[in-house]
Amino acid sequence: VVVALGFESETFGIAGAATHALEMVDIPSAKKVQDHIVAKMKQYGQQKEENLLKIVVCGAGFTGIELVGALAENKATFAQTAGVEVEKIEIYCVEAMDTILPMFNEGLQDYCKKELNKLGIHLLLSSPIKTIEVGCVFYGDNQKLEAGTIIWTAGVSGSHVIADSGFEQRRGRVMVNPDLTAPGYENVYIIGDVAAVMDEKSKRPYPTTAQISLKTGEVAARNITFQLRNKPTQAFHFKSLGSGASIGNTDALGLVGNMAVKGYPASFVKKMIMNKSLLETGGTKEFFAKGRFDLYH
Ligand SMILES: Cc1cc2nc3c(=O)[nH]c(=O)nc-3n(C[C@H](O)[C@H](O)[C@H](O)COP(=O)(O)OP(=O)(O)OC[C@H]3O[C@@H](n4cnc5c(N)ncnc54)[C@H](O)[C@@H]3O)c2cc1C
């Protein structure tokens, strides 16, 4: 059995987060976010209620930052739909910690903050969200932010099916053996975002990323072949090629190996990483259908 149930949105028990905020975890939920914003902009046209023009993104991790960057690039379209000046569209990002993108160094974090500032994003740091009600986020010391659109991107956990199945787990992730089998089961492999695989170098589990998930799939497949041939299985090792976060279409920041990159070159690298994944997982058909060839705009 190979368990690869993936991630789901994690609300950490914050009241209203699951019910009064939109999640963004896959293409259908991303489309829902887009449709919701457009509907609110149209609604403004009739009701002239300023809060309908506000968008709040909860969380300044990878997803939150990439989302506010993309939203900022679409401000003009939103404004046109609402029939207002671009400056009237307000985008907020509310974050509990005093910084953003904790996986990157301070230099890259500062670069990102500057770029978000240029895009007019209101970044509220050290602002833990307490509750979310219909059209309203309560954060920090009883401060509130009203908005027509609230999107929850503050975290993910492994699938709830993992806990329901009785595996020993933490936030839906099982601490697997080095060869990716579940403790106590040599015929059950757990891979991808539901696996916590210890990185012997950092003494911490590897992060949950697509790059690592794909690699766990490869290693599990190889180990199953070894088992069928009565050979010993091999331990999982991963050497990161790098990682990046986009800020809109032509700006990004990240690491290529250990080298920090930012701006247009980083956005080029990010698109190349996506293209490489498409090619590896879906072959040339998928690559040409979904690849990022918009490298200069
Ligand atoms: C908005 C967003 C952006 C991201 N961007 C990046 C990025 O740029 N780079 C990167 O490396 N990572 C990124 N990630 C993380 C990356 O998507 C995950 O690490 C990766 O998808 C995990 O792969 P997986 O195969 O373990 O799980 P998933 O991709 O979640 O796949 C799990 C599959 O199992 C199915 N499934 C779930 N429950 C059941 C069930 N009960 N029965 C049957 N099927 C079920 C799901 O429908 C899904 O198809 C991003 C994540 C998000 C949310």
Side-chain angles (χ1 to χ4, degrees), residues 1-11 17 21-34 57-71 93 101 103-104 112 151-167 169 171-174 176 180 182 188-197 199 205-221 236 238-249 251-256 261 266-282 286 290-292:
V1 177
V2 181
V3 184
L5 287 162
F7 65 93
E8 55 193 30
S9 187
E10 165 72 87
T11 60
L22 298 158
E23 62 172 11
M24 219 195 65
V25 290
D26 51 17
I27 290 170
S29 57
K31 282 194 172 141
K32 256 193 202 165
V33 167
Q34 166 76 8
V57 173
C58 307
F62 253 106
T63 305
I65 294 298
E66 293 203 334
L67 179 58
V68 289
L71 290 172
C93 185
L101 296 172
M103 62 297 284
F104 293 120
C112 187
I151 310 153
W152 183 262
T153 60
V156 292
S157 62
S159 164
H160 67 279
V161 177
I162 293 293
D164 295 349
S165 307
F167 286 111
Q169 50 79 43
R171 284 183 58 197
R173 299 177 79 195
V174 178
V176 291
L180 305 180
V188 177
Y189 283 84
I190 302 193
I191 62 168
D193 277 13
V194 283
V197 191
D199 176 3
Y206 286 106
T208 49
T209 68
Q211 242 186 80
I212 294 176
S213 294
L214 287 170
K215 188 77 187 169
T216 59
E218 269 176 49
V219 171
F236 177 84
F238 178 75
K239 191 165 181 326
S240 174
L241 299 174
S243 58
S246 58
I247 317 166
N249 198 32
D251 194 1
L253 60 111
L255 294 168
V256 178
V261 283
S267 104
F268 182 89
V269 169
K270 171 102 188 170
K271 287 174 190 172
M272 286 301 112
I273 292 172
M274 273 190 254
N275 287 346
K276 182 172 176 287
S277 289
L278 283 170
L279 201 55
E280 281 172 3
T281 52
E286 196 80 349
K290 297 184 183 162
R292 297 294 305 266

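Remember, it's 1-based here, ligands and their atoms both numbered in the order they're listed.
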Is ligand 1 less than 4.0 angstrom away from at least one heavy atom of S159? no

Flag, side chain of R173 to backbone of A195, donor-acceptor distance under 3.5 Å: yes

Within a distance of under 4.0 Å, is there any protein heavy atom near atom 27 (O) of ligand 1? yes

What protein heavy atom sits nearest atom 12 (N) of ligand 1, and how far away is it? A210 N, 3.2 Å

Could you tell me, atom by atom, which parts of ligand 1 come under 4.0 Å of a heavy atom of T63? 1 (C), 2 (C), 52 (C)

For G192, the ligand 1 atoms whose distance to one of its heavy atoms is below 4.0 Å: 26 (O)

Heavy-atom proximity to atom 46 (C) of ligand 1, picking from T216, L5, V161, points to L5

Within the distance-only criterion (no hydrogens, no angle test), does the side chain of D199 pair as donor or acceptor with the backbone N or O of Y206 below 3.5 angstrom? no

Looking only at protein heavy atoms, what sits closest to atom 5 (N) of ligand 1 is E66 OE1, 4.7 Å

Could you go through F167 and I190, starting from their C-alpha distance and side-chain angles, then the distance that decides it, and tell me whether this counts as side chain to side chain contact (heavy atoms under 4.5 Å, CB included)? CA-CA 11 Å; F167 286 111; I190 302 193; 4.0 Å; yes

I'd like to know if the side chain of S159 reaches the main chain of F7, judged simply by a donor and an acceptor atom lying under 3.5 Å from each other, with no hydrogens or angles considered. no

Atoms of ligand 1, numbered as shown, that sit under 4.0 Å from any heavy atom of T209: 11 (O), 12 (N), 19 (O)

Side-chain donor or acceptor of K32 paired with backbone N/O of E23 under 3.5 Å: no

Take M24 and E66 through the test side chain to side chain contact (heavy atoms under 4.5 Å, CB included) and record every step on the way to the result. CA-CA 11 Å; M24 219 195 65; E66 293 203 334; over 6 Å; no

Quick one: does atom 40 (C) of ligand 1 have a protein heavy atom under 4.0 Å from it? yes

Between S267 and N249, is the side chain to side chain contact (heavy atoms under 4.5 Å, CB included) condition met? List the steps. CA-CA 7 Å; S267 104; N249 198 32; over 6 Å; no

Can you name the closest pair of heavy atoms from W152 and G155 and give their distance? NE1-N, 4.3 Å

Proximal ligand 1 atoms for T208, defined as those under 4.0 Å from one of its heavy atoms: 19 (O)

Atom 33 (C) of ligand 1 sits nearest the protein heavy atom A4 O, 4.0 Å

Heavy atom of protein closer than 4.0 angstrom to atom 48 (C) of ligand 1: no

Under-4.0 Å heavy-atom contact between protein and atom 30 (O) of ligand 1: yes

Within the structure, does at least one protein heavy atom fall under 4.0 Å of atom 10 (C) of ligand 1? yes

Please determine whether side chain to side chain contact (heavy atoms under 4.5 Å, CB included) holds for the pair V261 and K270, giving the CA-CA distance in whole Å, both sets of side-chain angles, and the decisive distance to 0.1 Å. CA-CA 10 Å; V261 283; K270 171 102 188 170; over 6 Å; no

Can you tell me if R171 uses its side chain to pair, donor with acceptor, with the backbone of V156 under 3.5 Å? yes

Which pair of non-hydrogen atoms, one from T153 and one from L67, has the smallest distance, and what is that distance? CG2-CD2, 4.1 Å

Considering all protein heavy atoms, does one lie under 4.0 Å from atom 14 (N) of ligand 1? no

Which residue holds the protein heavy atom closest to atom 51 (C) of ligand 1, what is that atom called, and what is the gap in Å? F7 CZ, 4.2 Å

Just jot down the ligand 1 atoms closer than 4.0 angstrom to any heavy atom of G6, in number order. 26 (O), 27 (O), 28 (P), 30 (O), 32 (C)

Between K270 and ligand 1, find which residue part has any heavy-atom pair under 4.0 Å and reply side chain, backbone, both or neither. side chain

Minimum heavy-atom distance between I191 and A4, given as atom pair plus value: CG1-CB, 3.7 Å

Could you list the atoms of ligand 1 found under 4.0 angstrom from a heavy atom of Q211? 11 (O)

What residue and heavy atom of the protein are closest to atom 23 (O) of ligand 1, and at what distance? S213 OG, 3.4 Å

Quick one: does E8 get within less than 4.0 Å of ligand 1, heavy atoms only? no

Main chain of G242, side chain of Q211: is a donor-acceptor contact present, judged purely on distance under 3.5 Å? yes

May I ask you to check if ligand 1 and V194 share an N or O to N or O distance below 3.5 Å? no

Any protein heavy atom at under 4.0 Å, with atom 21 (O) of ligand 1 as the reference point? yes

Quick one: does atom 18 (C) of ligand 1 have a protein heavy atom under 4.0 Å from it? yes

Note: I247 and C112 closest approach over all heavy atoms is CD1-SG, 4.0 Å

